[in-house]
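Reading through the structure tokens given below for one structure.
Just so it is clear: chains get the letters A, B, ... in the order the sequence lines come, proteins before strands, and each one is counted from 1. The basis for the numbers below is simple: all heavy atoms, side chains too, and nothing from hydrogens, waters or symmetry mates.
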Amino acid sequence: MSAENVVREGAGSAFCEPERVMTGDEAPIPKEVPPKSPDLSAWYNAICYKAELVSLAPVRGCIVLRPYGYGLWERLQSALDQRFKETGHENAYFPLLIPESLLTREAEHVEGFAPEVAWVTQGGNEPLTERLAIRPTSEVIVGTMYAQWVQSYRDLPILINQWVNVVRWEKRTRPFLRTLEFLWQEGHTAHATESEANEEVQRMLDVYVDVAENIAAVPVYKGEKSASERFAGANHTFSIEALMPDGRALQAGTSHALGQNFAKAYDIKFADENQAVQYAWTTSWGMSWRMLGALIMVHGDDRGLRIPPKMAPIEAVIVPIVKGGSDEATVAARELYATLKKAGLRVKLDERDLRPGNKFADWEMRGVPLRIELGANDIAQGVATVVRRDKLKGEEGAKSAVPLAELSSRCSELLIAIQANMFAQARTFLHSHTIEVSDRAEFYKLVRERAGMIDIPWCERGECEAHVKAETSATSRNLRPLDGAAVCVACGEPARVRAYFAQAY
RNA sequence: CGGGGCGUAGCUCAGCUUGGUAGAGCGCUGCGUUCGGGACGCAGAGGUCACAGGUUCAAAUCCUGCCGCCCCGACCA
């Protein structure tokens, strides 16, 4: 069949499942994508394009999000948005363009973003008297407006989110993971007290953990960023970090305690209960379509994408097996489609004029969690054949015959099981590649080899982190409290925190 | 932005060394036979060889420039 035209060279890293070993006459090895293990990058790019998530745009570093990819984004969006609303936030919209004079008010912030800001210098045919930045993020413009809206402690807190695009002039781009323009949400809040702001920062970080793990089925570690990894202008930055199959970490969401830095730069002041004028405490937090990149890499396999049900634009696809010119299967499939749709399932009926095998491979590559086959044999027995995308072919429970009357309830159960199984698989990977080390040489070796999340007691010193980076190109991903006394595994100084180190995307 | 690689049909690529006016497989269109893991027959369509200059009687092929993509670094969601 098609095994010959697939590159099988390369030992295959320890990170990927050896799923390509197929035997017998039916080997579901996709023609369209290379195997995942030897070259994650090649696999990833192929998946993004072949599964029709994105296309490259005629602008360097920009992607077109195609309908199926946008469907993924919408799922993520609605999961987040729902949680933002539940935690008291409202959506709003701030302008894309930011006057240069505004941007430069918070010194650290400007300095941090300067290298990646895109500028508008001309309007129509006239040069502008002041350059306009295309937002790389919106703290500046939001802060400016909050200053106008806040007079009294009674005006606080302000809890606003916006769903927008931002532009950052990146040197090196990859679909979803790093593009010049990307979609995200940015939450911006202002509070009367530091403790209230800090609570907000943690609350939203927990929302990200919830969505990453329970919706995208991507297990993450949460913690605080080191000084060098902190958001420009923030006092504290917290992140969730996922681990990719090649052993690199991916920051999938951030939440910043901005202290009073932006309030002072943009003059967000209020009178408190004692009529004393105070600066507000602000926060910001964001998750981007990069999360989709994490989902793709974490769950995909050699057959293509695997989408966790809660993220799947299509939860189940019905493939009628048409035989001998009879329309029996087609009729039954249409009925089934109507039933499942009515039951609330995101279901698709594939009536394309293709052979079943083509359809199977196609939907597998697109990662649809459930495939429902309906042919003469099934109909004779009053069942449909249901196949799970999260299991390997021939694996226990991968395929089952489900009585038609029970199909919608059975699908719901299976989707729940698939979601749980995919998360469990990903979590097993994360845990098995999270390595506590206490030996310095071992630490450097593992981090250099991208062995995973390398967990050590750490001194938290910038010099130490710089040294690790120079030696291994890895940095701390995030930090959490250390219990007890310990020495830094990287340098031998007294440790202050526990830290995950890894090379990052 | 440095180092390396690559741009030829929708996709994967051959042709380039040694210039002579473009090919394969898959995909696509039509008809027919098929349809429970990537079918087969017949008939077709599709490329200013990334782009711009230059050398030459003649450039996909040689030279220069430029744009884009991929990989490795540096920088970052």
### Task
Can you tell me the pairing partner of B:rG68 across any strand shown, Watson-Crick or G-U wobble, with both distances under 3.5 angstrom?
B:rC6
#### Entry: Rounded distance in Å between the C1' positions of B:rC1 and B:rC75
9 Å
## Note on the structure
Hits for side-chain hydrogen bond (donor to acceptor under 3.5 Å, both in side chains) against A:Ser226, two or more places apart or cross-chain, chain-then-number order -> A:Ser228, A:Glu465, A:Ser476
#### Entry: A:Glu364/A:Arg371 ion pair, N-O < 4.0 Å
yes
### Separation of B:rG36 C1' from A:Lys399 NZ (nearest whole Å)
7 Å
### Query
Which part of the nucleic acid, if any, lies within contact of A:Thr137, taking any heavy atom under 4.0 Å across all strands shown: a base, the sugar-phosphate backbone alone, or nothing?
nothing
### Comparing A:Ala57 and A:Asn377 on RNA chain B - which has the more 5′ nearest nucleotide
A:Asn377
### Message
Aromatic contact between A:His188 and A:Phe94, with the criterion being ring centroids under 6.0 Å apart: yes or no?
### Response
no
### Task
Flag the pair A:Phe443 / A:Trp458 as yes when their ring centroid distance falls below 6.0 Å, and as no otherwise.
no
### Query
B:rU17 pairs with which nucleotide, Watson-Crick or G-U wobble, both distances below 3.5 Å?
none
### Task
With sequence neighbours left out, write down each residue that passes salt bridge (Lys or Arg N to Asp or Glu O under 4.0 Å) with A:Glu170, or none if nothing qualifies.
A:Arg178
### Query
To the nearest Å, how far apart are A:Gln381 CD and B:rG36 P?
17 Å
### Task
Would you mind classifying the nucleic acid contact of A:Gly394 as base, sugar-phosphate or nothing, using non-hydrogen atoms under 4.0 angstrom?
nothing
### Task
Could you check whether A:Gly375 gets within reach of a base, just the sugar-phosphate, or nothing at all, counting any heavy atom under 4.0 Å?
base
### Query
How far, in whole Å, is B:rC76 from B:rU29 if one measures between their C1' atoms?
47 Å
### Task
Could you tell me the separation between the CZ atom of A:Arg388 and the C1' atom of B:rG37, rounded to a whole number of Å?
20 Å
## Note on the structure
In whole angstroms, the gap separating P of B:rG27 from CG of A:Leu354 amounts to 10 Å
### Query
For nucleotides 70-77 of chain B, read 5' to 3', which letter fits each nucleotide if B means a protein heavy atom sits under 4.0 Å from the base, S means only the sugar-phosphate is that close, and - means neither?
SSBBBBBB
### Message
Please report the distance, rounded to the nearest Å, between CG in A:Asn358 and P in B:rG37.
### Response
11 Å
### Rounded C1' spacing from B:rC11 to B:rG46 in Å
13 Å
### Task
Can you label the angle between the A:Phe182 ring and the A:Trp184 ring as parallel, tilted or perpendicular, going by 30° and 60°?
perpendicular
### Message
Could you check whether the side chain of A:Glu364 and the base of B:rG38 have a donor-acceptor pair of N or O atoms closer than 3.5 Å, going by distance alone?
### Response
no
#### Entry: Watson-Crick/G-U partner (both atom distances under 3.5 Å) of B:rG38
none
### Euclidean distance, atom NZ of residue A:Lys359 to atom P of B:rG37 [Å, nearest integer]
14 Å
### Message
Roughly how many Å apart are B:rG47 and B:rC35, using the P atom of each and rounding to a whole number?
### Response
36 Å
### Test salt bridge (Lys or Arg N to Asp or Glu O under 4.0 Å) applied to A:Arg75 - qualifying residues, sequence neighbours left out
none
#### Entry: Contacts of A:Lys445 that satisfy salt bridge (Lys or Arg N to Asp or Glu O under 4.0 Å) - sequence neighbours left out
A:Glu449
### Task
Enumerate the residue pairs fulfilling side-chain hydrogen bond (donor to acceptor under 3.5 Å, both in side chains) with a member in residues 45-67 of chain A, sequence neighbours excluded, ordered by first and then second residue.
A:Glu52-A:Arg366
### Query
For B:rG73, which nucleotide in any strand shown is its Watson-Crick or wobble partner with both distances under 3.5 Å?
B:rC1
### Query
Is B:rU12 paired to anything, Watson-Crick or G-U wobble with both distances less than 3.5 Å, and if yes, which nucleotide?
B:rA24
### Integer angstrom distance from the P of B:rU61 to that of B:rU55
15 Å
### Query
Would you say the base of B:rG37 and the side-chain of A:Arg303 have a donor-acceptor pair closer than 3.5 Å?
no
### Task
Quote, to the nearest angstrom, the P distance that separates B:rC40 from B:rG25.
13 Å
### Query
Using the C1' atom in both, what is the distance from B:rG30 to B:rA58, to the nearest Å?
40 Å
### Task
Nearest whole angstrom, please: distance from the P of B:rG36 to the CH2 of A:Trp363.
18 Å
### Query
For A:Arg60 and B:rC67, what is the distance between atoms CZ and P respectively, to the nearest whole Å?
11 Å
### Task
Could you give the distance separating B:rU12 and B:rC6 at their C1' atoms, to the nearest angstrom?
14 Å
